[in-house]
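Here is how names work: the chains are called A, B, and so on, in the same order as the sequence lines, proteins then strands, and each is numbered from 1.
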Amino acid sequence: MPELPEVETYRRFLEEVMLHQSIAALEVKDAHVLATDEDTLRRALVGHTVTGTSRLGKNCFLLLSSGQVLVLHFGMTGDVGAYRDEPDAPRFTRVAFHLGSGLRVAFVDPRKFGRIRLAEGVAQYQQAKKLGPDALDVTAGQLQHKLAKRKTFLKPLLLDQSITAGLGNWIVDEVLFQARIHPERLAHTLTTAEFNDLHDAIQLVLRTAIGHEATYRDFPASFLIHAREWDDSATPGTDQHQFCPRHATTKIEKTYVGGRATYTCPRCQPAG
DNA sequence: TCATATGTTGCGGG
DNA sequence: GCCCGCAACATATG
């Protein structure tokens, strides 16, 4: 789940439950998700309070009164939750932050691709990980500047977190569909108008997704997301979801681009 | 059993 | 250095 809209939704949740709260204990149920050793984490967290939250791309930050920053990356299956007593801990809780109030905040991650680590600051982390500007902040001009000389497929470039941070596999498909651009267009062939379309589509898709708290089934019918196999919003048995939202008789195609499952409408997005 | 999976990293080879 | 394909990571689900 966790692309930018999910992570932003998690951030808002964490801000609600953790802001100005003290951390009484750190409970590590599976150290696999720790990218900073447990003792170092504990020293930075326990006895300190959360003074703010932030987000860059798919990374969520908890600003700490110790001056450091806790970085949460959710991998492919990460989630957050809150509970009060151990029997209510969500399944696959890997780490729990026990707050002074008694509430416990869970870092949940079945596949354990997520990571929790300490950083000196957001800017330091951004530089260390070579993260580009957040996808909500990136301008059409910045995109054009970074992509105009690249002679490779557009989609993998949009997934590259150093170009812009936060776009994941389904969002890129949705963005390209909304912008009516084929994922295998070579980046350097895009016109200025197309870079503007791309930027507009990024804004539309991200703002829509955040507005619906990343709940796919609530997205407008004009969204391609409903054609993805794992979406359950289609009426069972109708296969209606396999068709383009704009062309009721045109089937959405599934291919692989850069090794990633890719959905396109052949009419809306003619090949470059 | 096999295929698939929303992310990231690192390897080998061109 | 750039770029691609591919595997690995660890696990759940259909």
Requested in this report: Measure from NZ or CZ of Arg246(A) to the centre of the six-membered ring of Phe177(A), then state whether that distance is under 6.0 Å and the direction lies within 45° of the axis.
Outcome: yes
Query raised in the report: Are Arg260(A) and dA5(B) close enough that a side-chain N or O sits under 4.0 Å from OP1 or OP2?
Result: no
Query raised in the report: Between dC6(C) and Tyr256(A), is there an OP1 or OP2 to side-chain N/O distance shorter than 4.0 Å?
Result: no
Query raised in the report: Only one of Leu190(A), Leu186(A), Thr164(A), Ile163(A) clears side-chain contact (heavy atoms from CB on, under 4.5 Å) with Leu147(A); which?
Result: Ile163(A)
Query raised in the report: For the residue pair Phe74(A) and Phe107(A), does the interplanar ring angle fall in the parallel (under 30°), tilted (30 to 60°) or perpendicular (over 60°) class?
Result: parallel
Query - Sidechain N-carboxylate O distance under 4.0 Å for Arg11(A), Glu8(A) - result: yes
Query - Nearest-angstrom distance from the residue atom OH of Tyr263(A) to P of dT4(B) - result: 10 Å
Requested in this report: Find the distance Leu158(A):CG to dT8(B):P and express it as a whole number of Å.
Outcome: 14 Å
Requested in this report: Identify whether any heavy atom of Lys151(A) sits under 4.0 Å from a base atom; if not, whether one sits that close to sugar-phosphate; answer base, sugar-phosphate or nothing.
Outcome: nothing
**Report entry** Ionic contact status for Arg180(A) with Asp197(A), cut-off 4.0 Å
**Finding:** no
Query - Whole-Å gap separating P (dG7(B)) and CG (Leu56(A)) - result: 16 Å
Report summary line: Given protein heavy atoms under 4.0 Å, the one-letter contact record of nucleotides 7-14 of chain C, with B base, S sugar-phosphate only and - none, is simply --BBBSS-
**Report entry** Lys29(A)/Glu27(A) ion pair, N-O < 4.0 Å
**Finding:** yes
Requested in this report: Check the distance between dG7(B)'s P and Asp109(A)'s CG and give it to me in whole angstrom.
Outcome: 13 Å
**Report entry** d(CG, Leu4(A); P, dT8(B)) in whole Å
**Finding:** 11 Å
Query raised in the report: Given dC4(C), is OP1 or OP2 found less than 4.0 Å from the side-chain N or O atoms of Thr152(A)?
Result: yes
Requested in this report: With sequence neighbours left out, write down each residue that passes ring pair (Phe, Tyr, Trp, His ring centres under 6.0 Å) with Phe92(A), or none if nothing qualifies.
Outcome: none
**Report entry** Separation of dT6(B) P from Leu159(A) CG (nearest whole Å)
**Finding:** 10 Å
Report task. Assign Gly168(A) to base, sugar-phosphate, or nothing according to its heavy-atom contacts below 4.0 angstrom with the strands shown. Result -> sugar-phosphate
Query raised in the report: Within the pair His73(A) and dG7(B), is there a side-chain N or O less than 4.0 Å away from OP1 or OP2?
Result: no
**Report entry** Euclidean distance, atom CE of residue Met76(A) to atom P of dA5(B) [Å, nearest integer]
**Finding:** 8 Å
**Report entry** Polar side-chain atom of Glu174(A) near backbone of Leu224(A) as donor-acceptor pair, under 3.5 Å
**Finding:** yes
Report task. Using the side chain to side chain donor-acceptor pair (under 3.5 Å) rule, collect all pairs that involve residues 32-47 of chain A, keeping only residues at least two apart or in two chains. Result -> Asp37(A)-Thr40(A), Glu38(A)-Arg42(A)
Output one line per pair: protein atom, nucleotide atom from nucleotides 9-14 of chain B, and distance, for all N/O pairs under 3.5 Å.
{"residue": "dT9(B)", "atom": "OP1", "partner": "Lys129(A)", "partner atom": "NZ", "Å": "3.2"}

**Report entry** Between C1' of dC3(C) and CG of Leu157(A), the distance in whole Å
**Finding:** 10 Å
**Report entry** Among dG7(B), dA5(B), dT8(B), the one nearest Ala261(A) by side-chain distance
**Finding:** dA5(B)
**Report entry** Parallel, tilted or perpendicular: ring planes of Tyr216(A) versus Trp170(A), cut at 30 and 60 degrees
**Finding:** perpendicular
Query - Whether His182(A) side chain and Pro266(A) backbone form a donor-acceptor pair below 3.5 Å - result: no
Query raised in the report: Given pairs defined as Watson-Crick or G-U wobble with both distances under 3.5 Å, what dot-bracket annotation applies to DNA chain B, with ( ) intrastrand, [ ] crossing, | other strand and . unpaired?
Result: .||||.||||||||
Requested in this report: Not counting sequence neighbours, which residues clear ring pair (Phe, Tyr, Trp, His ring centres under 6.0 Å) with Phe195(A)? List them please.
Outcome: none
